[in-house]
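Note that this is a predicted model, so its numbers are computed, not measured. Letters go in sequence order (proteins before strands), and every chain restarts at 1.
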Protein chains: 2
Amino acid sequence: MAPKIKDVAKYAGVSVTTVSRVLNGEKYVKDDLKARVQKAIDDLGYSPSHIARSLVRRKTNLIGVIVPDVTSSFYSTILSTIEKTASLNDYNLLVCNIIEDTDKELKYLQVFKEMRVDGIIIMHEKINEEIREMIMKLGIPIIFSSVKPKDQPFISVIIDDYSAAYDATRHLIDLGHSRIGFIGGDMNDVTSGQNRYFGFVHALSDFGIEQVEAHIKFGDYKTRSGYDMMKEILACRTRPTAVFAVSDDMAVGAMNCISDYGLSVPGDISVIGFDGSQLTEQVRPRLSSMEQPILEMGKITVLKLLDLISGNNATLKDDVILKHMLVIRDSCKKYVNREDQT
Amino acid sequence: MAPKIKDVAKYAGVSVTTVSRVLNGEKYVKDDLKARVQKAIDDLGYSPSHIARSLVRRKTNLIGVIVPDVTSSFYSTILSTIEKTASLNDYNLLVCNIIEDTDKELKYLQVFKEMRVDGIIIMHEKINEEIREMIMKLGIPIIFSSVKPKDQPFISVIIDDYSAAYDATRHLIDLGHSRIGFIGGDMNDVTSGQNRYFGFVHALSDFGIEQVEAHIKFGDYKTRSGYDMMKEILACRTRPTAVFAVSDDMAVGAMNCISDYGLSVPGDISVIGFDGSQLTEQVRPRLSSMEQPILEMGKITVLKLLDLISGNNATLKDDVILKHMLVIRDSCKKYVNREDQT
DNA sequence: CTGAAAGCGCTTACAG
DNA sequence: CTGAAAGCGCTTACAG
């Protein structure tokens with residue numbers, strides 16, 4: 001059995017109170033006692049039970065994290081920076097991977113409650129009434145990262161998805177494209193579904209560009225659905241000359257589809273993605289993308305949560321809006337009218 | 001403040017012992033009492049403190065996981081299946097992301113100790129003396145997943161990396177290639193460095209194929225290094241007609257390099273990867289790969305660990321060796337002698 | 001079938 | 001500066 005504080009006290013010939021004091025770096029311990037205790041700790045290889053400490057301190061230094069899909073390039077990256085920031089601040093992560101599974105999510109929230117985690121980070125916006133209620137009842141500080149669920153009082157760290165989508169579309173327009181396809185997300189998602197869609201639509205209308213319904217599809221953010229949606233778009237009589245997909249994964253799927261159908265990116269169709277995941281550099285042509293500041297987003301999410309936990313309520317009610325950034329790579333080119341060419 | 005067991009007892013008019021009993025589903029509680037307690041629990045919205053329970057039960061249902069890099073396609077996939085299996089068995093994951101940072105790893109092992117995790121999963125094999133000692137002293141059940149550190153008494157769930165690499169090389173040989181490049185891992189890693197390298201080398205020699213030193217490079221398993229190593233290989237006077245990279249990420253880097261240099265995969269150079277990550281399907285051409293059974297590996301790792309935790313020591317000393325599997329996609333083709341062609 | 005009491009391994013007033 | 005004692009929120013013999 002691992003030694004306990006009592007063993008250390010006995011070994012050092014002091015009270016457990018004194019041992020506790022040197023453990024917690026309190027002053028008011030004479031140097032010689034402190035030294036004896038330290039020696040006892042070293043000799044016995046003692047380390048305090050976090051469990052027991054948590055119980056009395058009413059603080060676990062645990063953060064529960066709900067990720068929609070760790071295998072996604074975007075989420076794994078934001079998770080890695082969340083982990084890093086948490087670790088730097090002596091917090092540990094209880095990671096829960098949810099793949100659109102409300103029951104599992106409820107179960108995990110229950111676990112978070114029983115574990116008495118100090119805070120929670122959620123990275124999806126499919127918050128139904130049941131989950132919403134659960135969260136409210138929990139009474140645990142919570143922050144949403146990269147999303148902002150509809151009509152919820154929760155704090156988010158996000159970008160302005162509407163403007164980001166607008167700017168991405170604008171980029172294609174600036175390149176001379178006027179037949180622009182769109183592969184959106186789930187329209188039940190406000191942040192990554194609706195906002196990005198409306199950014200796209202409004203950019204089109206602001207520049208007097210016609211919206212072709214058949215060129216507008218909605219996927220689930222993953223590569224596979226980007227592929228499938230692109231396939232449907234390519235089946236149309238007239239094809240778009242550019243496509244905007246609201247996730248890099250879908251954009252890559254779209255690129256693959258285009259190339260599997262014997263067309264070229266960006267020769268025949270330009271493609272722009274969204275997120276700024278590492279996939280953008282792993283594919284050829286390298287994918288232009290409207291990037292989220294992923295590392296900063298994860299970091300700020302944790303810092304903000306730690307603020308909430310320590311009760312810094314000043315101005316904490318506000319969302320943090322980070323800046324998006326267009327990163328141009330090789331998947332988009334200027335539109336050239338083929339007929340003019342000949 | 002959240003209600004405690006005492007509050008429930010008072011509300012229901014019974015002792016805390018009785019409440020505890022219905023909480024733990026013990027028999028020997030009269031139905032009417034049980035009903036009253038259940039009602040009290042529901043009315044008060046009570047849920048037991050996992051912290052307090054852990055303290056007395058000496059069991060936390062926590063598994064500490066050390067991942068070398070969650071943003072890697074391979075590790076995020078194995079992590080997701082580990083999480084799934086753990087969750088199904090009512091275990092939770094404390095996730096630690098290590099990027100070759102011994103200090104952080106030691107710190108985390110210390111945290112695992114203080115947290116009194118029930119078990120540990122480690123997914124890298126860079127176990128130096130310090131870490132080894134730490135692990136031994138911990139006295140916590142531990143399993144290595146996908147790797148087997150050199151000269152350590154720890155149990156691993158792995159494939160036969162030597163044979164897998166041999167078979168991957170053999171595939172290229174069967175396709176008629178005789179100038180075969182190799183992008184290996186860290187030769188300090190027995191599993192993914194040495195074993196794969198020797199599998200490659202022995203396949204060559206078994207088939208009487210010359211080993212060209214200039215075509216043999218070593219990276220760090222990531223896309224970037226696959227790119228850089230391929231660049232060095234391409235700088236040689238004679239180029240290989242096929243390349244085997246010991247991770248899919250590096251293989252993709254190699255493919256990208258080849259294509260950036262105006263050559264084609266598999267037209268000019270065939271490429272085969274290793275792991276079977278989802279990247280294989282996300283790139284074009286789709287990457288042939290010597291695949292590890294990732295999902296099974298993660299699952300078995302957890303189940304084996306749970307066995308260890310519950311003290312099933314029978315035959316537990318043995319590693320689990322899973323089967324590798326060659327998955328042929330579009331990145332390799334039969335070698336055709338250009339001179340014969342003309 | 002039920003409850004009072006001890007104990008899990010710590011921290012924290014309180015008293016000296 | 002130091003220690004005895006209470007308490008964190010549970011479970012588990014033990015007794016009845």
Side-chain angles (χ1 to χ4, degrees), chain A residues 1-38 40-41 44-62 110-118 139-140, chain B residues 1-38 40-41 44-62 110-118 139-140:
Chain A
M1 283 272 34
K4 342 175 193 179
I5 196 172
K6 208 174 162 182
D7 301 319
V8 176
K10 199 167 296 177
Y11 188 96
V14 298
S15 72
V16 296
T17 309
T18 299
V19 176
S20 174
R21 280 203 255 264
V22 348
L23 242 32
N24 294 295
E26 280 176 40
K27 37 198 172 183
Y28 303 139
V29 182
K30 259 192 188 156
D31 285 348
D32 62 324
L33 273 202
K34 189 183 293 184
R36 258 160 58 204
V37 170
Q38 195 53 59
I41 290 173
L44 267 41
Y46 168 78
S47 47
S49 159
H50 187 87
I51 302 293
R53 283 185 152 174
S54 297
L55 186 59
V56 35
R57 288 179 178 169
R58 278 188 203 71
K59 182 142 183 355
T60 54
N61 279 49
L62 243 32
Q110 178 66 27
V111 167
F112 288 170
K113 183 182 179 188
E114 295 182 2
M115 288 277 195
R116 307 296 195 249
V117 300
D118 293 332
I140 299 174
Chain B
M1 282 274 33
K4 343 174 191 179
I5 196 171
K6 208 173 165 184
D7 301 319
V8 176
K10 200 166 296 177
Y11 187 97
V14 299
S15 71
V16 297
T17 309
T18 299
V19 177
S20 174
R21 281 202 256 263
V22 347
L23 243 31
N24 295 295
E26 279 177 38
K27 39 199 172 185
Y28 303 139
V29 182
K30 260 192 188 158
D31 284 348
D32 60 326
L33 273 201
K34 190 182 292 184
R36 259 161 54 204
V37 170
Q38 194 54 59
I41 288 172
L44 268 40
Y46 168 79
S47 46
S49 158
H50 187 86
I51 302 292
R53 281 184 153 174
S54 297
L55 185 60
V56 35
R57 288 178 178 168
R58 278 189 202 71
K59 183 144 183 351
T60 55
N61 279 48
L62 244 30
Q110 178 65 27
V111 168
F112 288 170
K113 183 181 180 190
E114 295 181 2
M115 288 277 197
R116 308 295 195 249
V117 301
D118 293 334
I140 299 175

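DNA chain C is contacted by both B:Leu33 and B:Ala52; B:Leu33 maps to the nucleotide lying nearer its 5′ end (nearest heavy atom per residue). Nucleotides of DNA chain C nearest to B:Thr17 and A:Val19 differ in position, and the one nearer the 5' end is that of B:Thr17.
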Using the side chain to side chain contact (heavy atoms under 4.5 Å, CB included) rule, take B:Val19 and B:Tyr11 through it: C-alpha gap first, then chi angles, then the decisive distance, then the call.
-> CA-CA 11 Å; B:Val19 177; B:Tyr11 187 97; over 6 Å; no

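At D:dC10, none of the side-chain N or O atoms of B:Arg53 fall inside 4.0 Å of OP1 or OP2 (strictly under the cut-off). Between A:Arg58 and C:dT11, a side-chain N or O to OP1/OP2 separation shorter than 4.0 Å is absent. The side chain of B:Ser20 contributes an N or O atom lying less than 4.0 Å from OP1 or OP2 of D:dT11. Considering only side-chain N and O atoms, A:Thr18 lies nowhere under 4.0 angstrom from the phosphate OP1 or OP2 of D:dT2. Note on B:Ser49: every side-chain N or O is 4.0 Å or more away from OP1 and OP2 of D:dG9. Phosphate proximity of C:dG3 to B:Ser15: present, with a side-chain N or O under 4.0 Å from OP1 or OP2.
In this structure, the CZ atom of B:Arg57 is 17 Å from the C1' atom of D:dC8, given to the nearest Å. Between the CZ atom of B:Arg36 and the C1' atom of C:dG3 there is a distance of 13 Å, given to the nearest Å. In this structure, CG of A:Leu44 is placed 14 Å from P of C:dG9, rounded to the nearest angstrom. Whole-Å rounding puts the B:Ile51 CD1 to D:dT11 C1' distance at 16 Å. If you measure from atom NZ of A:Lys4 to atom C1' of C:dC8, you get 8 Å, rounded to the nearest angstrom. The CZ-P distance, from A:Arg21 to C:dT11, rounds to 11 Å in whole Å. Rounded to an integer number of Å, the gap from A:Leu55 CG to C:dT11 P is 11 Å. Taking atom CG of B:Asp32 as the reference point, atom C1' of C:dC1 lies 11 Å away to the nearest angstrom.
Residues in residues 3-20 of chain A take part in no salt bridge (Lys or Arg N to Asp or Glu O under 4.0 Å) pair, two or more places apart or across chains.
The pairing partner recorded for C:dG3 is D:dC14, the criterion being a Watson-Crick or G-U wobble arrangement whose two distances lie under 3.5 angstrom.
Side-chain polar atoms of B:Thr18 and B:Ser15 form a donor-acceptor pair below 3.5 angstrom.
Closest to the side chain of B:Arg116, from the set D:dT2, D:dC10, C:dC10, is C:dC10.
Without hydrogens or angle criteria, B:Ser47 side chain to A:Glu114 main chain gives no donor-acceptor distance under 3.5 Å.
From B:Leu62, atom CG reaches atom CG of B:Asp118 across 7.0 Å, with rounding to the nearest 0.5 Å.
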